[in-house]
Peer 1: 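Would you mind keeping the following structure in view while I ask a few things?
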Amino acid sequence: MSAIVEARGLTRTLPLDPPVTLVDDASFAIAPGSFTAIVGPSGCGKSSLLYLLGMLDRPDDGTLLIEGRDTTPLSGDARARLRLERFGFIFQFHFLLPELTALENVSLPMRRLGRLDRHAARDRAHMLLSELGIGEKTAKLPGHLSGGERQRVAIARALANDPVLILADEPTGSLDSVNSQRVVDTLHQVAGEQGRAVVCVTHDGAIAANADARIEMLDGHIVAGGTMAAS
Amino acid sequence: MSGRLNLLAGLAFKHIALRKRQTLVAISGVAVGVGFFLAVSALMIGSQTDFIKTLIDAAPHIIISDELRSPTPQPATLAYRGGAVAIRHQKARTEVRGLKDWQEILRAVDDMPGAIGSPSLTGGITLRLGGREEAIGLVGVEPGIEAKVSTIEDNLRVGRLRDLETVQGGLIIGEDLAQRMGLQMGDVVGATSAVGGTRTLRIVGLFKRGAGQLSASSGYVLLREAQSVLGRPFIINRIGVRLADPYAADDVAARLERRFGYKAESWQERSADFLSLLVTRNVIMYSVVSAILLVASFGIYTAVSTSVADKVRDIAILRSVGFSEGDLQLTFVIEGLALAAVGIMLGWLLGYGLMTILGSLDFSINGEHQSLPLDRSARQYAIAAAASLASGVLAAWLPARKAARVDPVDILRSAA
C-alpha cells in the first residue's frame, strides 16, 4: 500500500545568527491506517516536523510527497486547499475560534470546502459531536466547555472533511488523565477508519507505547523510526 | 463561491460584533464624513448649477454680431495674394456695419429644431432730461420674439415688453438709471444718437434694480424705433439665438460662424472666465470633501488593524484548517466594507437631514426672499458612497494584507 505521506530528507533551518536547525534530513513514510507517535525531548523539533508534514511550513531542503504527489511546486493556495481536503489538525490547546459555537467550529472546514451546503455541514458536525459524546453541547461557545470537551470539538473539526491524515500536536498535553485517555482512545478509533492515519506528537509514554510506530527525535534528527507499516 | 463569501462574511460580522466601541467609532467617522460631503457638495453644486442657469438665461444662448474674428482683407492685399510683397499703410475701405442678408441667417436659425432667433439693433444714444445727460446702450427689439429668446421680461419690475408695441416711442430702462435721471413710469425723455437723430421717448417699463448693465445703462425700444433713432433703417447688427439645448451652443455657434462668416458667440465663450473659475472651485471642493472621507476611513483602518492584532491566533487556526491567504484577506476587507456600508447609510441620513436644514434657511437679498440652491440629486449620494467604499476598502486592505501574511507556525509555536 502506498504511503499517505513520504518525507525525503526534510530540513528546516531558522535563519538566525547562528542558524538554528529545527529538522535535519528527516526521511520516513506514513502508511494508511497507521498511528504514529513522534517522541523526543522538548525542543527537539517534533512540532516543527509536524508543521512541515501539514504544509504549514515549507522545508528549506528535501521533498514532501502527499499521496505520491510532490508538494514542492505547489502554491500557497494549493497547499491550503490540500490541507483543507486531506488533513485534520489537533493542537494541545484545542485552538477553537472563541466566538463560534462548537457546532460552528466543526462546520467551518466543511463550509470552506464547499462540498456540503450549510445545513448538511451542520448535520454532519452534529453527528461528529454526538459520536464524540458531546452532542448536547453543540450550541455552547468554547469558553463554556471543559478542556476535554474542547479537545473533542477540535477532534470533530479535524475529522470534518473526512481527512486521510490527522496531525495531532500534544493533544493530551493540557488534559487530566481521564480526558487524556478518552482523547487517545478516540484517536486510535479514528486511525484506521477508511485508511486514515494519525501522526501524534507526544510526551505521553502511554500514547507512544500504544502507537503502531514511533519516530524518535533528538536535536532535529530522527534517531529511531522509519518507514511505518499499517497495523 | 457565494458559500465561501457567506462564510467569510459571517466571520467578519462576528469580529465586528465583538468590538462594539471601535465599530461605533469607525461607523460614526464614515457617517459624519458622508453626511458633510453631501451637505457641502449639495451646496456647492447647487450654487454652481444655479449660477450656470443664470449665465445661460442672462442673455441669448448665442449672439451673432456684425463683427468678424479677423478683419476683412483690404483690396490691395487681395490683389497680390500669395505674392512676396508686404503692403503697409493702406487706407482701409469704409464698410457699412450691420449683418448683411440677416433674413437668411434668421431663417437658418429658425429652421433648426427648437431654435429661435431674435434680430436686434444696438447703438449708443444720449438721454437728455432737464440738463441731465446719460449715455446708454439702446437695443431695438421685436418684443414678441425677444421675449422668447431672452429673460429680460423676467427682469421687469414694472411694465411689459409688449408695451413697446402699444406706446409710440416707448422705452424701457432700469430703475437705477431712472433714479439717476429722476424719471418715472410715463415720463418723457429726449434721446439723441451719434448721427444726430433725435426722438422723444416715453418710459413704459422699468428693469429691476441690481440687474447689472440692464438696470444701469441700457434702454429697450422697438426695433424700427432704434433703426430710426440710430439712423440705420432696415439694418440689424445682432441676432440673439435661443436653443432647445443650451449646452449645444458651442457647436451650433461654430457651425453658424463657419456658414455665415459673422462672429457667433456662445454663452460658454462669453462666460469662459467664470466657467474656468467653477472648475477650480470644484477641484478645491472635491479635494476638501475627499480629505474628509479619507480621514473618516482612518477609523476603519484602526478598527480592522485592531481586529487583525486581536485575531492573530484565530488567523493561525484558520490557516491550519485550510483557509488560504486570500480567504483571510477577504475576511478583513469584508469587515472594512461592512463598516463603510453601515457608515454610508447613516451618512446618507445625516446628509439628508443637513440638506433639509440648509434648504429651510431663508435669506433676504435686495428685498427678495431666497433659499439656498441645493443639488439633492442621487448622483451626489452615489459619489459619496463610492468614495467612502473605495477609501474603506483601501483602509481595510492594508491591515488585511498583514493578516494574510501572518506566519501560522510562529503563532502556533508561541502559543504552545
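Treat the numbers as computed from the prediction; the structure is a model and nothing was measured.
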Peer 1: What part of B/Leu8 gets closer than 4.5 Å to chain A, counting heavy atoms only: side chain, backbone, both or neither?
Peer 2: neither
Peer 1: Please look at A/Leu113 and chain B and tell me whether the side chain, the backbone, both or neither of the residue comes under 4.5 angstrom of a heavy atom of that chain.
Peer 2: neither
Peer 1: Assess whether atom NE2 of A/His203 is packed by more than 12 heavy atoms of other residues, nucleotides or ligands within 6.0 Å.
Peer 2: yes
Peer 1: With only heavy atoms counted, which part of A/Arg118 is less than 4.5 Å from chain B, the side chain, the backbone, both or neither?
Peer 2: neither
Peer 1: In terms of heavy-atom contacts, does NZ of B/Lys14 have more than 12 from other residues, nucleotides or ligands at under 6.0 Å?
Peer 2: yes
Peer 1: Are more than 12 heavy atoms from other residues, nucleotides or ligands located less than 6.0 Å from atom CZ of B/Arg281?
Peer 2: yes
Peer 1: Highest number of heavy-atom pairs under 4.5 Å with chain B: which of A/Asn161, A/Asp57, A/Leu108, A/Leu82?
Peer 2: A/Leu108
Peer 1: With rounding to the nearest 0.5 angstrom, report the CZ to CG distance, A/Arg157 to A/Leu96.
Peer 2: 5.0 Å
Peer 1: Looking only at the aromatic ring of each residue, does the gap between the centers of B/Phe274 and B/Phe51 stay below 6.0 angstrom?
Peer 2: yes
Peer 1: Does any heavy atom of chain A fall under 4.5 Å from the side chain of B/Leu7, the backbone, both, or neither of them?
Peer 2: both
Peer 1: Which one of B/Glu325, B/His15, B/Arg319 has the most heavy-atom pairs closer than 4.5 Å to chain A?
Peer 2: B/Arg319
Peer 1: Which bit of A/Glu85 is near chain B, if near means a heavy-atom gap under 4.5 Å: side chain, backbone, both or neither?
Peer 2: neither
Peer 1: Would the A/Phe89 and A/Phe87 ring centres measure less than 6.0 Å apart?
Peer 2: no
Peer 1: For the CZ atom on B/Phe36, are there more than 12 heavy atoms of other groups (residues, nucleotides or ligands in this structure) within a distance under 6.0 Å?
Peer 2: no
Peer 1: Is chain B contacted by the side chain of A/Ser107, its backbone, both, or neither, given a heavy-atom distance below 4.5 Å?
Peer 2: neither
Peer 1: Can you tell which part of A/Leu22 gets under 4.5 Å to a heavy atom of chain B, answering side chain, backbone, both or neither?
Peer 2: side chain
Peer 1: Given the options A/Ala160, A/Pro98, A/Gly114, which has more heavy-atom pairs under 4.5 Å with chain B than any of the others?
Peer 2: A/Pro98
